[in-house]
Amino acid sequence: MEKAYPFDKIEPKWQKHWEKTKLFSADTSDHKNKYYCLMMFPYPSAALHVGHGRNYIIGDVVARYKIMKGLNVLTPMGWDAFGLPAENAAIKNKLHPKVSTFRNIDYMKKQLKQWGIGYDWAREVNSCTPEYYKWTQWIFLKLYEKGLAYKKKAAVNWCPSCSTVLANEQVVNGKCERCDSLVTQEYLEQWFFKITDYAERLLKDLDKLTEWPKRVKTMQKNWIGKSYGVKIDFPIVDSDDKLPCFTTRVDTIYGATYMVLASEHPSVDKLIDNSGNKSEIKAFVQKVKNESVLQRSALDTEKEGIFTGRFVINPVNGRKIPLWISNYVLMEYGTGAVMAVPAHDQRDFEFAKKYGLPIEVVIDRPGDPLDAKTMKEAYVEDGIMVNSEPFNKISNVEAMTSIAVYMEERGIGQRTVNFKIRDWLISRQRYWGAPIPIIYCDKCGIQPVPEKDLPVKLPEKVEFKSRGVSPLKEVDSFVNTKCPKCKGKATREIDTMDTFVDSSWYYLRYISPKDNNQPFDKEDVNRWLPVDQYIGGIEHAILHLLYSRFITKVFCDLGLIGFDEPFKNLFTQGMIIKDGAKMSKSKGNVVSPDNLIKEYGADTVRLYTLFIGPPKKDAEWSDRGVEGAYRFLGRVWRLTEKVTSAKKIEKSKGNADLKRKTHQTIKKVTEDIEREFHFNTAISAVMELVNEIYSALSSDEKIDEIVKEAVRTVVILLSPLVPHISEELWQKMGNKSTIFKSNWPDYDKELIKTAKITMPIQINGKLRSKLEVESGISEEVLKNLVLSDEKIKKWIDGKPVKKIIVVPNRLTNLII
RNA sequence: GCGAGAGUGGCGGAAUUGGCAGACGCGCUAGCCUUAGGAGCUAGUGGGUUUAUCCCAUGGGGGUUCGACUCCCCCCUCUCGCACCA
């Protein structure tokens, strides 16, 4: 196919030019007009596909646009290079993760450059290098010093046949993805970061994030899950002990007909000690424990339970209620014990129905009383208190406070706040991660690695097997060390850190990526952060963004930085869908940019990616659509050639409409970019302008100066989106320096106004006529005009006009 | 199951604050040009019919309003996240 324009020549040329002239190099010591544009750094999987590309293209457009606006832009890139896939590949292909990771990085870097995405590569960071993970380990030590890193037992997915720990992803339908055996739970001592200490602040400070998408904030809020409720102590029958439980619905307490414990509840063993069917209960508890971590937290599994033989006393009415154990109560939330109110909680209702437990209504539906015998589902709405003496006949909302106060007065309950968020488990029984800098000494106990001994280097000679707790366990030279305190024999922690730890602080490292004495330069970081624009996928709405916020707050408290929120503006782009599914290698529906770039050029791929739809929404990729983008760039190329090769530029002879359109387009494109990056509509506006320029071209060799100006505007407006062709055309138009150092154009407010507008006239909300009227016409004049319009007269047909609604410069509606 | 989103022509999408539904592009149709082509240019293109500023139409059903793709309620379908994929 013949090329519409020589993209294969111009694209490498300009990419080299930008690199040579250091267009994207920021001087972080100069923070005047600073703009920190950050894209989520990728995991180096095999290669980038066009779905990944969307993220980086959007970021590149923003960076270029801001450069043109005269800002001092910092736009760095790096690699989130530790992680499971590389280790899996090592087991399968006997290829060291370091080798495959670096090979992938090389390839992806080449792809990014081919896409024409500009970065300050001098600041590149890579989380799997000792120069980087030294500081990840340093962060662990800081949190440990502060008491924010601690150890406790926690469940992992365990494959009994491989004797190995599995990630949730490796568990398929409760079975090991490798050997298909049933996955169980195993309890291991693991490291946690105490994010719960920051729950309140992480929640409250969401209000500060005014430039974050609401949906991300809502998701984080729900994840943190603050709830107000009452902690109630239920005395155990035939015992001096009490079972504390937490409820957000204390108004329903009179309807508690049984109580349920999580199977891992610490009191279970003691409670069932004298029980007649002790072995049966134990078997049940074991069965629940054996379900994988995944199954347990996915609550769509069938609710199951067993009676313990014990009873507790409902402290408000002294009623004796049975105590059950079930898989639907989680130890992690609240106290691991719930008072069950089947009439007013759907899960309790289903459980009660299944095991024949009593259902008692204590909140009645106003106007349509409930009957426990015939209820089909729990009544969870508000209503009037019944069967709850002395709180009957008041609203349940009111009762919530009254009952809580009543219980506090009698010392049987206490109002408390509860959070759903759990501490961050950072231990991974893996090789390809940053080693946790901890040493165990028989004499001195847990000892942090002294700062001067960092980094704790990951040994390179390791055997990768699908069996075993962790590959590091078998590397004697790694495991055996000296206690930093007593210098005696000691062993190293063999767990590595969750990769989310690596990615929770990388945006700070970009500021001083080569510094060997500190993780970052405090002064420069305080000048350059918070990040002005963070761009990434919606799939990171909760975990990565929450962890980064947490680490930032910890650093702020430690006095390491002077701000407590890392990202000022957040933009989450939608996914690229192909054949109805998210583009991914495993689904086999990836579209590689490499061939497309070869065939159409990077600018076409960029333009199509931006044109496909509003970037915050998911979009369906179509190979056909790429051709449309290519065709358009060809049109722009030929148009510019026509103008630059014109024999004569002449004074305008009445192209006022084109001039207005040009300025309207500047306004539209600028506003669309500023308004949540609506590049798709910005592009269509430029397309409209190009169409109008074509219509305005005269057939002779002369070019109107307004046409010339319009073409120049087209090239500038397109430049952040399709930088290579724009630079080339800009040069052809006689400009000496880069288009990105020219100013983004302004529009003339007076010029964009139109003298006449077409006013739609409706009758009873239906379009019946249109009138050409002066812009800013008075209502009186307009009404007269409307009423004397022939078509309108016909529709009114003598009927009385009840009302005329005039929306100035928009429309007129007659009610008859 | 819980939490968060989305649903508009044959397709991707537009409608920014409740005010002309379908901009722009793809595809399709017809024509022009031609060195006969996967190029370029021009025009048309939601559906219906009684072909006229007519009727219907934004997942389905109801509601609010002079007016609803937009706001409210119910339902359906799809997508994402759910703490060890990153």
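Remember, predicted model here, so these are calculated numbers, not experimental data. Below, chains carry the letters A, B, ... as their sequence lines are ordered, and counting in each starts from 1.
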Anti/syn call for B:A52, syn if |chi| within 90°: syn

Residue-phosphate contact under 4.0 Å: A:Asn222 side-chain N/O, B:A4 OP1/OP2: yes

Watson-Crick or G-U stems involving RNA chain B, each at least 3 pairs long, distances under 3.5 Å, ordered by first number: B:1-7 with B:76-82, B:10-12 with B:24-26, B:27-32 with B:40-45, B:46-48 with B:54-56, B:59-63 with B:71-75

Check: B:C2 base within 3.5 Å donor-acceptor of A:Gln346 side chain: no

A:Arg768 side chain near B:C55 phosphate (N/O to OP1/OP2, under 4.0 Å): yes

Side-chain N,O (A:Lys617) to OP1/OP2 (B:G7) below 4.0 Å: yes

A:Lys354 and A:Glu350 ion-paired at < 4.0 Å: no

side-chain hydrogen bond (donor to acceptor under 3.5 Å, both in side chains) evaluation trace for A:Asn104 with A:Trp79: CA-CA 10 Å; A:Asn104 291 344; A:Trp79 311 97; over 6 Å; no

Summary of protein contacts for nucleotides 15-30 of chain B, nucleotide by nucleotide, where a base hit scores B, a sugar-phosphate-only hit scores S (4.0 Å, heavy atoms): SB--BB--BBSSS---

Contact under 4.0 Å: A:Arg428 side-chain N or O vs B:C84 OP1/OP2: yes

Which atom of A:Leu787 lies closest to which atom of A:Val801, heavy atoms considered: CD2-CG2, 4.4 Å

Closest contact, heavy atoms only, A:Met40 versus A:Tyr534: CG-OH, 3.3 Å

Chi-based syn or anti call at B:G9, which uses purine or pyrimidine torsion atoms and a 90° bound: syn

